[in-house]
2 protein chains.
Amino acid sequence: MPQHQPPARPRDSEASKARLLKAATDEFAARGIAGARVDRIGAAAEVNKALIYTYFGNKEQLFDAVMDAHVARVLDEVPFTPEDLPGYAGRLFDFLLANPHQLRLATWHRLERSGTDHEPQGLGTSMRQKTAAITQAQTAGLLTTTFTPEDLLVFTLALANAWMPTSPMATNDQAAEQTRQHRAAVVEAVRRLVAGIPTTQAS
Amino acid sequence: MPQHQPPARPRDSEASKARLLKAATDEFAARGIAGARVDRIGAAAEVNKALIYTYFGNKEQLFDAVMDAHVARVLDEVPFTPEDLPGYAGRLFDFLLANPHQLRLATWHRLERSGTDHEPQGLGTSMRQKTAAITQAQTAGLLTTTFTPEDLLVFTLALANAWMPTSPMATNDQAAEQTRQHRAAVVEAVRRLVAGIPTTQAS
DNA sequence: GTGTGTCAAATAAACAGTTAGTTGCACTAC
DNA sequence: GTAGTGCAACTAACTGTTTATTTGACACAC
């Protein structure tokens, strides 16, 4: 006859799901899908392992849920401005710096989950919207036509990521100053990418 | 009483090591350290699993050996030209395209092995040499001083990677044409980064 | 025979996923 | 109010499999 602990917490499936997502985010960001341990996620969330399967299905689907949430957050919190790509790069830089899990999760996804059918919700749509917006800005003469919209988007994202640490950094004054300089360099780099619309080169 | 096969292959530990490295490269590139299976590597190399431990120690050390070999290959095959960073980016692009495992291996390393003490042999030295060479080119007036040497190196590498597929691509004519255009865009992007020294262009 | 390369088999731990059952709680009937 | 009911939230223990790593014996070259 199994003994049960008195429940310290009131029953609340939504709160449990939220705690699971948080714990899963940490675990997946640190170790990826193959390296993540379902037991550890359950323990960290203080939730019984079996609930992971009732709420999310399996390990992969839990990862997908984590990805969906995080993709939604970037898209929501970093507004896209096709006529100001340097500014966009700067804001993306800031966001990734403030949310160190994001880049690692995205990278794990590329390595472990690309080639499967599942793509984070809203990502494809958002990419299409962004390239369309760039095309429009180019047509309006607000943006260089030296590059295709896809090139501009891909390069801007690449440059915003370029200086991002994959493992968490120290947070002293010297590091903060370095970070500020890296940010400035990224913005300047994108400025140079998009520079030279008006007169110098005719299209 | 164990049955033994007649030895189909002559004994050659060097050849076995080489086959193991090849098989390990494929396995690690596809699945990373946590996802890799020692059994699969042994089977693919047609080498008994136990030899992996004799020759390389354990799974992680085998991965490190794979990384060392691949880092050495990039450094060897892609000459660095600080006064012609666009050309370097182009050559790196070509190399990564011809060696699709490289980028994935490097990415797995960043995710799963950074923060440990092991760094691929020669990588730190090579980075230091490259930034020093950039500094020299800047002092000689051959290269923009808008960016620090570190910025220039990091951005060039980021742009060369930007269009690289993480999963293997189809190889039809249309894709080849797209690849050519991507390469040109990458080179042009780096050109814009380094542009704007006093005279128009030095040869 | 000695040493080195090779192998099948063994081992012990770790793993994702399941099951059968318990508990808290809102609601209803009285 | 309180006894009864249904159900969702939760749990401990377990299952069968997979895993990295080790072992001890075999075979061939010298």
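Below, chain A is the first sequence line, B the second, and so on; all start at residue 1. Any value given below was found using the heavy atoms of this structure, including those in side chains, with hydrogens, waters and symmetry copies removed.
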Mapping B/N48 and A/R40 to their closest nucleotides on DNA chain C, which lands nearer the 5' end? B/N48

Just the rounded figure in Å: distance from P of D/dT21 to OH of B/Y53. 4 Å

Counting distance alone, no hydrogens or angles: does the base of C/dG17 have a donor or acceptor under 3.5 Å from a partner atom on the side chain of A/K59? no

Contacts of B/Y88 meeting ring pair (Phe, Tyr, Trp, His ring centres under 6.0 Å) (sequence neighbours excluded), chain-then-number -> B/F80

I need the CD1-P distance between A/I52 and D/dA9, as an integer number of Å. 16 Å

Donor-acceptor pair, B/E27 side chain versus B/R37 backbone, under 3.5 Å? yes

Has B/Q174 got more than 12 heavy atoms of other residues, nucleotides or ligands less than 6.0 Å from its CD? no

Would you mind reading off the distance between A/I41 atom CD1 and C/dA14 atom P, rounded to a whole angstrom? 18 Å

Residue-phosphate contact under 4.0 Å: B/Y55 side-chain N/O, C/dG5 OP1/OP2: no

Would you say CG of A/N172 has more than 12 non-hydrogen atoms from neighbouring residues, nucleotides or ligands within 6.0 angstrom? yes

When the nearest nucleotide of DNA chain C is assigned to A/A50 and to A/R37 on a heavy-atom basis, which residue is associated with the more 5' position? A/R37

In whole Å, I'd like the distance from the CG atom of A/L62 to the P atom of C/dG17. 10 Å

For A/D151, all residues meeting side-chain contact (heavy atoms from CB on, under 4.5 Å), sequence neighbours excluded: A/F147, A/T148, A/F155, B/W163, B/H182, B/A185

Figure out the NZ/C1' separation between B/K49 and C/dA9, and round it to whole Å. 10 Å

Parallel, tilted or perpendicular: ring planes of B/H118 versus B/H109, cut at 30 and 60 degrees: perpendicular

Would you kindly give the CZ-to-P distance between A/F63 and C/dA16, to the nearest whole Å? 15 Å

A/G90 backbone acceptor or donor facing A/R183 side chain under 3.5 Å: yes

By a strict heavy-atom criterion of less than 4.0 Å, which residues belonging to residues 12-35 of chain A are in contact with DNA chain D? A/D12, A/S13, A/S16

Please give, in whole Å, the distance from D/dT22 P to B/N58 CG? 8 Å

Nearest-Å distance, CD (B/Q61) to P (D/dA20)? 15 Å

If you look at every strand shown and take non-hydrogen atoms under 4.0 Å, does B/L51 touch a base, only sugar-phosphate, or nothing? base

